[in-house]
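Proteins come first, then strands; the chains are lettered A, B, ... in the order of their sequence lines, and each starts at number 1. Atom set for the values below is all heavy atoms of this structure, side chains included, hydrogens, waters and symmetry mates excluded.
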Protein chains: 2
Amino acid sequence: MRMGEGVEWAAHACVLLSALPDGTGLPAAAIAAYHDVPPAYLAKHMQALARAGIVTSARGAAGGYRLARPPQEISLMQIADAVDGSEPAFRCTEIRQRGPCGAKPEECTKTCGIAAAFWAAERAYRRQLEGVSLAAIVASLTGRPDPGKFARVKAWLEQNANG
Amino acid sequence: MRMGEGVEWAAHACVLLSALPDGTGLPAAAIAAYHDVPPAYLAKHMQALARAGIVTSARGAAGGYRLARPPQEISLMQIADAVDGSEPAFRCTEIRQRGPCGAKPEECTKTCGIAAAFWAAERAYRRQLEGVSLAAIVASLTGRPDPGKFARVKAWLEQNANG
DNA sequence: GCTGTTATACTCGGATAGAAGATGTCCGAGTCTTAACGG
DNA sequence: CCGTTAAGACTCGGACATCTTCTATCCGAGTATAACAGC
């Protein structure tokens, strides 16, 4: 079971956007340059975030991406769903209804016990990620005292932001 | 994030093996016929279960697969790990160390907050699945009163088991 | 009739093709800026 | 000097290749069975 690499990129991109000055936008190319990842591919994932309503996009010369909501209202689960898809990892193909001893459809009023167990685990997974907001991630990063680094990031943002 | 289809097959195969009479083995072809899935492909996943020590294999005319441990000591997590691999779904590529404002390695004593959050969610997922034993799955199936079906399965097993 | 041997049938195990999804890239559609131009 | 307009540059958005992983299959290695010949 592997999660797409773009989820990591999108999460870091959202962290960066959370430090963006109000009223400005950051182009996908700038986000890619900041993280040193392929610009076109990151752009693809930014589109996914925009479709999900997590970021808003502005076209044109002074365009770019910005967060659509305050970081407190954005969870890692929403980011992962937007980029990697929200369908369950475990797919039940109703094996119990197949084969020589297969159960008839009318016998299957309750979901298969195996699928139920996996889906319960996925709910625990989702509940955990829903409880982690972007703001909490940012707080864990800036918590450690390193004013020089923080100032460098701020300067880089002001140099590359549009608007 | 998608889990391999073989996990479902392997889980159902283990459920079937748990009903196998003591001292007998069930060939992979018979398991595949019971579930109506491609025999050669299921055999591949049975090999994975054997490598993980969940089932034991016996070659030869009276060979086949059987559970290596009582069903109480086999969890869905072990089956999923054996078939789908046990590496974490989220892969941290240390993006924070890349790019113009990248952190230096000596600054990264603590794991990245994003990776830590995802891995914590995966731990919740694993803890949930580790708590579901094969015996519990079997109990949830046989709990519903359907003696006829149970007898049919039993008869099919005795007809197809070796040993 | 009993025993040792050999042939056989049946099983698992790993090496080998094909398909699907993830990864990576490109060019067109749309929009804001900016500068030139006319009033 | 100011308003209008048109060109230009920059951005996102979706369509197009490439590549790894998952899916599916086949044939060889190994073993217990069973037949068979010899004693």
- According to a strict under-4.0 Å criterion, is Arg51(A) in side-chain N/O contact with OP1 or OP2 of dG14(D)? yes

- Query: Is any side-chain N or O of Asn162(A) closer than 4.0 Å to OP1 or OP2 of dC10(D)?
  - Reply: no

- Remember a base hit wins even if backbone is also touched, and classify Gly64(B) as base, sugar-phosphate or nothing at under 4.0 Å, heavy atoms. sugar-phosphate

- Task: Using a 4.0 Å heavy-atom cut-off across all strands, classify Arg66(A) as base, sugar-phosphate, or nothing.
- Result: nothing

Ignoring hydrogens and angles, tell me if any N or O in the side chain of [X] forms a donor-acceptor pair with the backbone of [Y] under 3.5 Å.
| X | Y | value |
| --- | --- | --- |
| Arg66(A) | Leu26(A) | no |
| Arg69(A) | Gly53(A) | yes |
| Gln78(A) | Ile54(A) | no |
| Lys110(A) | Leu141(B) | no |
| Arg96(B) | His12(A) | no |

Are side-chain heavy atoms of [X] and [Y] found at a separation under 4.5 Å?
| X | Y | answer |
| --- | --- | --- |
| Ser18(A) | Leu67(A) | yes |
| Cys14(A) | Leu49(A) | yes |
| Leu16(B) | His35(B) | yes |
| Glu158(B) | Thr24(B) | no |

- Message: Please identify the 5'-most and 3'-most nucleotides of DNA chain C with any atom under 4.0 angstrom from a heavy atom of chain B.
- Response: dC10(C) to dT23(C)

- Task: Check each residue of residues 27-47 of chain B for a non-hydrogen atom within less than 4.0 Å of any atom in DNA chain C, then write out the ones that pass by number, or none.
- Result: Pro27(B), Ala28(B), Lys44(B), Gln47(B)

- Task: Evaluate side-chain contact (heavy atoms from CB on, under 4.5 Å) for Phe118(A) paired with Gln128(B), printing each intermediate quantity in order.
- Result: CA-CA 9 Å; Phe118(A) 276 98; Gln128(B) 189 84 11; over 6 Å; no

- Note on the structure: The correct set of residues in residues 1-23 of chain B placing a heavy atom under 4.0 Å from DNA chain D is Gly4(B), Glu5(B), Trp9(B)

- Item | Partners meeting salt bridge (Lys or Arg N to Asp or Glu O under 4.0 Å) with Arg2(A) (sequence neighbours left out) | none

- Tell me, please, which residues at least two apart from Asp84(A) pass salt bridge (Lys or Arg N to Asp or Glu O under 4.0 Å).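 With sequence neighbours excluded, Asp84(A) shows a salt bridge (Lys or Arg N to Asp or Glu O under 4.0 Å) to no residue whatsoever.
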
- Message: Can you see whether Glu8(A) engages Thr93(B) through a side-chain donor-acceptor pair at a distance of less than 3.5 angstrom?
- Response: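 Yes, a side-chain donor-acceptor pair sits under 3.5 Å.
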
- End-to-end bend of the helix from dG1(C)-dC39(D) to dG39(C)-dC1(D) (five-pair axes, 10° rounding)? 10°

